[in-house]
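Notes follow the structure.
Since we're looking at a predicted model, the values are computed, not measured.
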Amino acid sequence: MEEEIIDLANLDPQVIEEIFSRVPLKSRARMKRVSSRWHRFLTRLRTTHAPTTSASLIAFLMRHHGSETTLIKLQDQTLARAWQNPNATLHQSHKFPYLVESCNGLLLYATSDQDSWTYHISTPPGENQCTIPLPVAHKVSRQASVGISFDGCHLSRFKVICFFCDEVDFKAGTIKCQIFSSQTWHWRDKVAIIVNPNLLLEDGFIRGECYCPKVYFRKKLYLIWSFCLLVYDDEKEFFELIRLPKNKSRRDKRNSYMSQCIWESEERIQFCDPSYNGYDIWTFIDRGDGDNNDDFAWHFERCVTLKDLIYRRVDVFHSANVAEREKVGWARNSIRPIAFNEDLQVLYLHVLPRTIYSYSFETREVAKVWSIDEAGDDDIWMFHIYPFLLNSVNLVALKEFIRSSSQ
């Protein structure tokens, strides 16, 4: 039996709009090339069916007398410009001095008594919190990196993974770590296998360079560790080191690692690396067998140039009359990528000291998202910014889970 072919021209226009409004923004942009008719239709659709997102940003702010977490709800740049309405924010003052990580709707805070670390799970606006039992032998003096594994669905199945950067056995190919499981509600010590540990011995590898936000995707935790991508397999409980793509034009090593960033897009991990001219974006091709070859692990996607950012938004600089060379030099040290939103096709940038801008991959426009100055308080300086998913956690169920776990 032959399949019936439906001509789009025979469908109701509202039905066609509804169908194409569900197509991702990046795919719609490619479909504009089909014909001038498609281009006109999709351009009109872009204004009548603006993309939405459940993602937001979390800005961890430090005051002289305390700390605060600000949730910045994001929206399409076109709508924000048309309504002259800044992205909505929600402020939460709290007692936690450190925001360690954000993962699919959960926030991980940390407190210290100058001897040991204590961790706390929370969700905005901060009324849902619980303290994780004190990890055994996790002293402040032990250099460590901490992340969360949480898929956003199973509230009773999140983990906190802590690996100790200086405690690697190169002969055995292992690294010491501690893992907290919400199912057992206690920590356990783990000596995990680490693939390619010899990369840690190469010139230029700095074990303390592990500050960028982590990404949990498809049961794996990804993070940047010096000039490598460290991947933790949450099911098999082993680590793998993959060398990041070689960048001959990478900026000064002292500043470049602070501007590196990773995110998930189109079912793959992407890496944003500062180059001399701007920001190079690479896609990680994971073979999934724990044997990723450096020469074939990365695919170059695009470069966001500093000149493009400057020409499209001069007001991010102190003076429009500054020479072009000085502007570019200032931008290299003052603009840092912090997150990417796949729904809106927007790269978010932290312009030092305390302003967030967005750069659209679709239109190449730059827009101001949020600034501490607009919050009307000069006694704040920005410390960390993390991506956050608003709708990935059932807050009612999580609140009940946290209440029962804390008892």
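- The minimum heavy-atom distance linking Leu306 with Tyr276 is given by the pair CD1-O, 4.1 Å.
- Panel note: side chain Trp298, backbone Arg243; a donor-acceptor pair is recorded below 3.5 Å.
- Of all heavy-atom pairs spanning Trp117 and Lys139, the tightest one is CD1-O, 4.2 Å.
- Separation of atoms CD1 (Ile72) and CD1 (Ile58) is listed at 8.0 Å; rounding is to 0.5 Å.
- Between the side chain of Tyr386 and the backbone N or O of Val100 there is at least one donor-acceptor pair closer than 3.5 Å.
- When atom types are taken as modelled, the side chain of Ser182 and the backbone of Phe158 share a donor-acceptor pair closer than 3.5 angstrom.
- With contacts defined as side-chain heavy-atom distances shorter than 4.5 Å, the pair Thr355/Lys368 qualifies.
- Side-chain contact between Ile385 and Arg336 is absent, with no heavy-atom pair separated by less than 4.5 Å.
- Here the shortest heavy-atom pairing between Ile224 and Cys261 reads CD1-N, 3.9 Å.
- When side chains are defined from C-beta on, Trp282 does not count as touching Leu244, because their heavy atoms never get closer than 4.5 Å.
- Residue Lys190 qualifies as enclosed at atom NZ: its count of foreign heavy atoms under 6.0 Å is above 12.
- Within the 6.0 Å centre-distance limit, the rings of Phe163 and Trp225 are counted as a close aromatic pair.
- Atom CG of Leu57 and atom NE2 of His350 lie 11.5 Å apart (nearest 0.5 Å).
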What do the steps show when you test Arg218 against Glu264 for salt bridge (Lys or Arg N to Asp or Glu O under 4.0 Å), and what is the final call? CA-CA 10 Å; Arg218 287 187 172 178; Glu264 180 272 321; over 6 Å; no
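- Residues Cys272 and Ile281 are in side-chain contact: their nearest non-hydrogen atoms beyond the backbone lie under 4.5 Å apart.
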Kindly indicate, with the supporting measurements, whether the criterion side chain to side chain contact (heavy atoms under 4.5 Å, CB included) is fulfilled by Ile269 and Lys220. CA-CA 11 Å; Ile269 295 298; Lys220 291 184 178 181; over 6 Å; no
Show your reasoning for whether side-chain hydrogen bond (donor to acceptor under 3.5 Å, both in side chains) applies to Tyr109 and Thr69. CA-CA 11 Å; Tyr109 291 96; Thr69 301; 2.7 Å; yes
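- Atoms CG and OH, from Leu347 and Tyr357 in turn, are 14.5 Å apart once rounded to the nearest 0.5 Å.
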Candidate pair Val366 and Leu349, rule side chain to side chain contact (heavy atoms under 4.5 Å, CB included), full reasoning: CA-CA 10 Å; Val366 178; Leu349 306 165; 5.7 Å; no
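- Between Ser112 and Val140 the shortest heavy-atom distance is OG-CG2, 3.4 Å.
- By the 4.5 Å heavy-atom criterion applied to side chains, Gln345 and Ser360 are not counted as neighbours.
- For the atom pair Ile338 CD1 and Ile356 CD1, the distance stands at 4.5 Å (nearest 0.5 Å).
- When side chains are defined from C-beta on, Ile262 does not count as touching Phe217, because their heavy atoms never get closer than 4.5 Å.
- Proximity of a side-chain donor or acceptor of Ser102 to a complementary backbone N or O of Pro387 within less than 3.5 Å is detected.
- Of the residues listed (Lys219, Lys159, Arg157), the one engaging Asp234 in a salt bridge (charged side-chain N to carboxylate O under 4.0 Å, His left out) is Lys159, and it is the only one.
- Put simply, the side chain of Cys228 reaches to within 4.5 Å of the side chain of Phe205, judged on heavy atoms.
- Residue Ile175 holds its CD1 atom at 12.5 Å from CD1 of Ile193, rounded to the nearest 0.5 Å.
- Atom CG of residue Leu230 and atom CD1 of residue Ile242 lie 8.0 Å apart, to the nearest 0.5 angstrom.
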For Arg268 and Ile285, run side chain to side chain contact (heavy atoms under 4.5 Å, CB included): C-alpha distance rounded to whole Å, both residues' side-chain angles, the deciding distance at 0.1 Å, then the answer. CA-CA 7 Å; Arg268 293 187 184 276; Ile285 311 300; 3.7 Å; yes
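- A donor-acceptor pair under 3.5 Å is absent between the side-chain atoms of Asn196 and the main chain of Leu199, judged by distance alone.
- At a threshold of 4.5 Å between non-hydrogen side-chain atoms, the residues Tyr232 and Ser149 do not count as touching.
- The minimum heavy-atom distance linking Ala144 with Phe164 is given by the pair CB-CD2, 3.7 Å.
- At distances below 3.5 Å, not a single donor-acceptor pair connects side-chain atoms of Ser226 with backbone N or O atoms of Glu209.
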Side chain to side chain contact (heavy atoms under 4.5 Å, CB included) assessment of Arg142 paired with Gln178: CA-CA 12 Å; Arg142 297 179 76 182; Gln178 291 183 337; 4.2 Å; yes
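- Remark: aromatic rings of Phe271 and Trp263 are distant, center separation not under 6.0 Å.
- Side chain of Asn104 to backbone of Phe150: a donor-acceptor contact under 3.5 angstrom is found.
- Note: Tyr119 and Trp187 have tilted aromatic rings, judged against thresholds of 30 and 60 degrees for the angle between ring planes.
- The aromatic rings of Trp185 and Phe180 stand perpendicular to each other, their planes meeting at an angle above 60°, with 30° marking the opposite boundary.
- When all heavy atoms of Val346 and Ser358 are compared, the closest pair comes out as CG1-CB, 3.3 Å.
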